[in-house]
**Q** 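Take this structure first; my questions come after.
These figures come from a predicted structure and were not determined experimentally. Whatever order the structure lists ligands and atoms in, that order sets their numbers, starting from 1.
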Amino acid sequence: MNHFEYRNGEMFAEGVPVKRIAKEVGTPAYVYSLATLKRHFQVFDRAFSAVPHIVCFSVKANSNIALLRAFAKEGGGFDIVSGGELFRALRAGADPKKIVFSGVGKKKDEIEYALKSGILMFNVESEDEMVTLNEIAGGIGKKAPISLRINPDVDPQTHPYISTGMKKAKFGVDIKRSLENYKKAVSMPNLEVVGVDCHIGSQLTSLSPFVDALARVREYLDRVLVGSLKREGVKIRYLDLGGGLGISYKDEMPPHPEEYARAIIQGLEGLDVTLILEPGRVIVGNAGILITEVQYIKETDEKKFVIVDGGMNDLIRPALYGSYQAIQPVVEKNSEKIVADVVGPICESGDFFAKDREIARPRRGDLLAVMSAGAYGFTMASNYNSHPKPPEVLVDGDQYYVIRTRETMDDLIRGETIPAALE
Ligand SMILES: *Cc1c(COP(=O)(O)O)cnc(C)c1O
């Protein structure tokens with residue numbers, strides 16, 4: 001459910017006509033609905049109310065500090081994958097005790113920053129990382145709370161680029177070697193083992209991979225870890241199941257968060273842990289759109305192209321994953337339907353939002369909304385072809401706020417200098 005709806009043929013974001021936003025802030029622009037964001041967060045959070053849990057929003061899905069603030073106010077924590085995301089979360093008012101730090105390549109300065117900030121735990125992905133973490137923690141007189149990210153070797157049945165829990169992926173440690181890894185961690189004086197973690201992929205549209213992954217982690221916990229670690233005086237307090245629940249971009253039918261929660265809660269029965277969840281896409285994906293203006297229509301013998309002012313620099317998902325994004329007119333018209341590619345201005349043939357898509361024939365200057373653009377939209381935007389990044393707008397009822405201004409030409413060259421030798 002979201003709050004982008006037509007009234008008398010015109011698209012509204014909550015109580016604000018999308019056309020008005022386009023006119024006032026220009027295009028392309030990202031528009032988010034606060035009511036949708038909050039609702040998605042609350043539905044997800046409440047689904048787990050039967051068990052101790054923390055919903056740690058995955059910052060990489062949408063890292064605007066206004067959104068992060070909204071989730072922090074709802075009681076949410078954050079899953080971060082870099083020092084930059086930690087900075088954003090703290091700026092947004094996050095409680096460090098609800099921040100988990102994931103990622104295979106944490107650098108020393110990022111680790112030190114997170115340790116000094118007092119985050120809840122590091123989701124450690126290799127033995128080498130443990131060594132580094134132990135050294136840095138010792139150097140500043142702290143103990144680093146860790147959980148081990150286990151690779152359960154489960155096929156999430158999603159796009160290969162966003163599959164992370166199969167044997168050949170770079171993520172996590174082999175489940176069979178995890179006891180060895182845990183023992184090593186326990187032997188390191190500046191690490192404190194507090195949990196176990198896995199994250200198997202993104203945009204999952206069925207329950208079974210989640211259930212399988214949990215069952216594998218669970219089986220291993222019960223059979224090997226709990227007993228062995230207990231003897232070492234260690235208790236697993238947190239079980240982090242990552243994120244990955246999918247959304248409907250077109251006709252996918254992902255499980256409802258309540259169904260997902262039921263299955264997971266069932267799988268946890270008898271375990272005395274706090275559950276950590278790291279949802280990203282399911283919270284923000286359908287809470288945002290990208291509005292773009294039609295610049296030109298071009299027809300060749302072969303094809304029709306609708307050329308818009310947004311491109312792969314603003315929203316890369318179609319180019320990167322070949323993914324489907326619905327495209328809707330901001331003002332509905334009863335014009336004839338055409339089949340066209342909707343493409344951007346970037347000098348790459350991969351720069352498209354849709355291929356061979358049936359849409360109402362637009363005219364120059366018409367506005368289109370690329371739907372489901374709230375997750376992995378702005379966060380993956382770049383300045384390729386030297387386009388300033390688009391603004392982000394947050395709608396709240398019949399008000400809207402620019403929560404990030406459009407970049408300027410000066411922003412494009414910020415930090416660049418011409419050396420004296422070239423003067
Ligand atoms: C990307 C990521 C998430 C969020 O995934 P979604 O599919 O957006 O829910 C959660 N945890 C980790 C470790 C991630 O890398």
**Q** Taking the side chain as every heavy atom from C-beta outward, state whether F71 and L37 have any atom pair closer than 4.5 Å.
**A**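 Yes, their side chains come closer than 4.5 Å.
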**Q** Return the residue, atom name and 0.1 Å-rounded distance of the protein heavy atom closest to atom 7 (O) of ligand 1.
**A**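 Its nearest protein heavy-atom neighbour is S202 OG, 2.4 Å.
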**Q** S102 to ligand 1: N or O pair under 3.5 Å?
**A**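 No, S102 has no N/O under 3.5 Å of an N/O on ligand 1.
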**Q** Using atom types as modelled and distance alone, determine if a side-chain donor or acceptor of S382 lies under 3.5 Å from a backbone N or O of Y384.
**A** yes
**Q** Quick one: which ligand 1 atoms are inside 4.0 Å of a heavy atom on P279?
**A**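 Per the distance check, 9 (O).
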**Q** Would one find an N or O of G244, backbone or side chain, under 3.5 Å from an N or O of ligand 1?
**A**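 Yes.
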**Q** What atoms of ligand 1 come within less than 4.0 Å of a heavy atom belonging to G280?
**A** 6 (P), 8 (O), 9 (O)
**Q** Quick one: does A375 get within less than 4.0 Å of ligand 1, heavy atoms only?
**A**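 No; A375 lies far enough from ligand 1 that no heavy-atom distance drops under 4.0 Å.
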**Q** Within the structure, is a non-hydrogen atom of V282 found at a distance of less than 4.0 Å from ligand 1?
**A**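 Judged by the 4.0 Å heavy-atom criterion, V282 does not count as contacting ligand 1.
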**Q** At the 4.0 Å heavy-atom cut-off, does F171 count as touching ligand 1?
**A**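 F171: no contact with ligand 1 (<4.0 Å).
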**Q** Between Y400 and R20, is there a cation-pi geometry (under 6.0 Å to ring centre, at most 45° from the normal)?
**A**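 The answer is no, since R20 fails at least one limit relative to Y400.
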**Q** Between ligand 1 and S58, is the shortest N or O to N or O distance under 3.5 Å?
**A** no
**Q** On the six-membered ring of F12, is R7 placed so that its NZ or CZ lies under 6.0 angstrom from the centre and within 45° of the ring axis?
**A**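 Checked: cation-pi criterion met.
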**Q** Between ligand 1 and R149, is the shortest N or O to N or O distance under 3.5 Å?
**A**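 Between R149 and ligand 1 (N or O atoms, distance only) the closest approach is not under 3.5 Å.
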**Q** Do K106 and F122 have side chains that approach each other closer than 4.5 Å (heavy atoms only, starting at C-beta)?
**A** yes
**Q** Which residue owns the protein heavy atom closest to atom 11 (N) of ligand 1, what's the atom, and how far is it?
**A** E278 OE1, 2.6 Å
**Q** Which part of H199 is near ligand 1, with near meaning a heavy atom under 4.0 Å away: side chain, backbone, both or neither?
**A** side chain
**Q** Can the ring centroids of Y324 and Y249 be said to lie less than 6.0 angstrom from one another?
**A** no
**Q** With a 4.5 Å cut-off on side-chain heavy atoms, are L90 and S117 touching?
**A** yes
**Q** Distance under 4.0 Å to a non-hydrogen atom of R281: what atoms of ligand 1 satisfy this?
**A** 6 (P), 8 (O), 9 (O)
**Q** With side chains defined as the heavy atoms from C-beta onward, is the minimum distance between V284 and H40 less than 4.5 Å?
**A** no
**Q** Among all protein heavy atoms in this structure, tell me which lies nearest to atom 14 (C) of ligand 1, with the distance rounded to 0.1 Å.
**A** K60 NZ, 2.8 Å
**Q** Report yes or no: is the cationic atom of K355 (NZ for Lys, CZ for Arg) under 6.0 Å from the centre of the six-membered ring of F352, at an angle within 45° of the ring normal?
**A**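 Yes, a cation-pi geometry holds between K355 and F352.
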**Q** Tell me whether K97 at atom NZ has more than 12 heavy atoms from other residues, nucleotides or ligands lying less than 6.0 Å away.
**A**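 Correct, the count exceeds 12.
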**Q** Considering only non-hydrogen protein atoms, determine which one is nearest to atom 8 (O) of ligand 1 and report residue, atom name and distance to 0.1 Å.
**A**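 Answer for atom 8 (O) of ligand 1: Y376 OH, 2.5 Å.
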